[in-house]
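For reference, the structure discussed in these notes is given below.
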Amino acid sequence: MADSAFKKIQIQRDDTTFDAYVVGKDDAPGIVVIQEWWGVDFEIKNHAIKISKLDTGFKALIPDLYRGKVGLDTAEAQHLMDGLDWQGAIKDIRASVNWLKANGSKKVGVTGMCMGGALAIASSVLVPEVDAVVGFYGTPSSELADAAQAKAPVQAHFGELDNFVGFSDVTAAKNLEEKLKASGVAHEVHIYEGNGHAFLNRSPEGVSRRKSMGLSDEDEAAVELAWSRFTSWMKRYLV
């Protein structure tokens, strides 16, 4: 059972406390792993476990931005994401980065998928303690963060067939790339031919959920390539 791999902790920020889930070696470089719009479910936990085992290993921390709620279908997930306090989520991410730095990780990156990808890229602008960012198929709204103001190195991944217009389609990816160029930070933007949204989700449950959303591409080579690029980026800036 994946859950047994995690240590559940509480992190304090301002006048609120939230749960977070940690996996990996205590003194390894830290990576905050931000949930998709579903919440802290099986797939984001799968990703965190994988990250903890990549190369020499990372210490992965998932903050529970929805405070225990999980969307079981797209309507619920949309409702939860629509209700998210995005500024508060950035504060949660900052508190998570600082928790890792106070608990054995000298350097800390942020990654995320879908909604989490947008928040990860926003953290490169809004969270000064972040050392590197990798975002998957998500870009922040201009109200939340202007990527042209990014301060930490950013790597971003998108599927060529992604149809979330303005959020993670190819046009959104190209716009992000222009802004990152303007920021002057080290950056890479990768677009995966023939892949749709959420192409990293490869668990049996994740595959069937993608199919129910009309996402039937299965490209293990693209998944492997994305993870190898992720690993080399995080190693370069965190190790």
Side-chain angles (χ1 to χ4, degrees), residues 1-3 5-6 21 23-24 31-54 58 60-66 69-81 84 89 93 109-121 133-140 155-165 167-170 172-173 176 189-231 233-234:
M1 184 71 183
D3 283 356
F6 290 91
Y21 300 85
V23 62
I31 297 181
V32 178
V33 184
I34 312 297
Q35 66 200 50
E36 298 175 290
W37 67 343
W38 307 106
V40 179
D41 71 347
F42 60 89
E43 201 69 286
I44 205 68
K45 287 181 174 175
N46 290 341
H47 292 325
I49 289 170
K50 182 176 182 79
I51 287 165
S52 75
K53 294 174 177 172
L54 288 171
F58 297 98
L61 183 155
I62 311 169
D64 187 351
L65 305 184
Y66 287 168
K69 296 194 176 82
V70 175
L72 299 179
D73 58 36
T74 52
E76 276 185 21
Q78 183 72 56
H79 178 72
L80 287 166
M81 185 168 85
L84 181 69
I93 294 166
V110 176
T111 192
M113 294 80 185
C114 174
M115 179 184 93
L119 283 162
I121 289 163
V133 165
V134 180
F136 292 92
Y137 29 81
T139 59
Q155 184 187 70
H157 303 260
F158 298 90
E160 176 206 18
L161 305 180
D162 196 318
N163 58 5
F164 283 81
V165 176
F167 179 71
S168 51
D169 63 340
V170 168
L176 174 66
V189 176
H190 300 289
I191 296 172
Y192 296 80
E193 198 176 318
N195 282 267
H197 192 73
F199 65 86
L200 279 193
N201 291 354
R202 303 302 308 133
S203 71
E205 306 95 322
V207 169
S208 69
R209 182 161 68 184
R210 288 184 83 242
K211 283 185 173 155
S212 74
M213 296 172 69
L215 300 165
S216 58
D217 54 278
E218 294 192 33
D219 185 349
E220 294 298 343
V223 173
E224 287 306 309
L225 180 58
W227 279 120
S228 76
R229 285 168 167 165
F230 171 96
T231 307
W233 192 258
M234 288 303 198

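Model, not experiment: these values are computed from the prediction.
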*asked:* If I compare all heavy atoms of A120 with all of G112, which pair ends up nearest, and what's the gap?
replied: CB-N, 3.9 Å
*Please examine the side chains of I31 and L61, heavy atoms only from C-beta on, and report whether any two atoms are closer than 4.5 Å.*
no
*Any side-chain donor paired with an acceptor under 3.5 Å for H157 and Y137?*
no
_Rounded at 0.5 Å granularity, tell me how far OG in S52 sits from NE2 in H47._
13.0 Å
*If we only count heavy atoms from C-beta on, is the E218 to F199 side-chain gap below 4.5 Å?*
no
*Do any N or O atoms from the side chain of T139 and from the backbone of L176 form a donor-acceptor pair under 3.5 angstrom?*
no
*Decide side-chain contact (heavy atoms from CB on, under 4.5 Å) for D169 and N163; before the verdict, give the C-alpha distance in whole Å, the side-chain angles of both, and the deciding distance to 0.1 Å.*
CA-CA 5 Å; D169 63 340; N163 58 5; over 6 Å; no
*Output all residues satisfying side chain to side chain contact (heavy atoms under 4.5 Å, CB included) with A60, sequence neighbours left out; order by chain, then residue number.*
V23, V33, A48, I51
*Test of ring centre spacing under 6.0 Å for F136 and F158*: no
*Could you pull out the closest heavy-atom pair between A156 and I121, with the gap in Å?*
CB-CD1, 4.4 Å
*R210 side chain vs A198 backbone, donor-acceptor pair below 3.5 Å*: yes
*What do you reckon, are the aromatic ring centroids of F230 and W227 less than 6.0 Å apart?*
yes
*Indicate the atoms forming the closest heavy-atom contact of I93 with I34, along with that distance.*
CG1-CD1, 3.5 Å
*asked:* Less than 4.5 Å apart, side chain to side chain, heavy atoms only: is that true for R202 and N46?
replied: no
*asked:* Would K211 and D217 count as a salt bridge (Lys or Arg N to Asp or Glu O under 4.0 Å) here? Give the steps.
replied: CA-CA 9 Å; K211 283 185 173 155; D217 54 278; over 6 Å; no
*asked:* For the CD atom on E220, are there more than 12 heavy atoms of other groups (residues, nucleotides or ligands in this structure) within a distance under 6.0 Å?
replied: yes
_Within-4.5 Å side-chain heavy-atom neighbours: Q155 and R229_ = yes
*asked:* Which residues pass the side chain to side chain donor-acceptor pair (under 3.5 Å) test with D162, not counting sequence neighbours?
replied: S168, H197
*So which heavy atom on V134 is nearest to which on M234, and how close?*
CG2-CE, 3.8 Å
*In terms of side-chain heavy atoms, does D41 have a donor or acceptor partner in Q35 at a distance below 3.5 Å?*
no
*Given W38 and E43, is the side-chain contact (heavy atoms from CB on, under 4.5 Å) satisfied, shown in steps?*
CA-CA 9 Å; W38 307 106; E43 201 69 286; over 6 Å; no
*Could you tell me the separation between the CD1 atom of I44 and the SG atom of C114, rounded to the nearest 0.5 Å?*
9.5 Å
*Would you say the side-chain atoms of Y66 pair up with the backbone N or O of M81, donor to acceptor, closer than 3.5 Å?*
yes
*N195/E160 under side-chain contact (heavy atoms from CB on, under 4.5 Å): CA gap, chis, key distance, verdict*: CA-CA 6 Å; N195 282 267; E160 176 206 18; over 6 Å; no
*Atom pair CG/CG of L225 and D219 - distance to nearest 0.5 Å*: 9.0 Å
*Hey, does L119 have a side-chain heavy atom less than 4.5 Å from the side chain of L84?*
yes
What side-chain donor-acceptor pairs closer than 3.5 Å can you find for residues 69-77, not counting sequence neighbours?
{"unit_1": "D73", "atom_1": "OD1", "unit_2": "A75", "atom_2": "N", "d": "3.2"}
{"unit_1": "D73", "atom_1": "OD1", "unit_2": "E76", "atom_2": "N", "d": "2.8"}
{"unit_1": "E76", "atom_1": "OE1", "unit_2": "L72", "atom_2": "N", "d": "2.8"}

*Can you tell if the side chain of E36 reaches within under 4.5 Å of the side chain of M115, non-hydrogen atoms only?*
no
*Work out which heavy atom in A173 is nearest to a heavy atom in V189; give both atom names and the distance.*
O-CG1, 3.9 Å
*Does any non-hydrogen side-chain atom of V133 lie less than 4.5 Å from one of W233?*
no
*Answer yes or no: is there a side-chain heavy-atom contact under 4.5 Å between V207 and N201?*
no
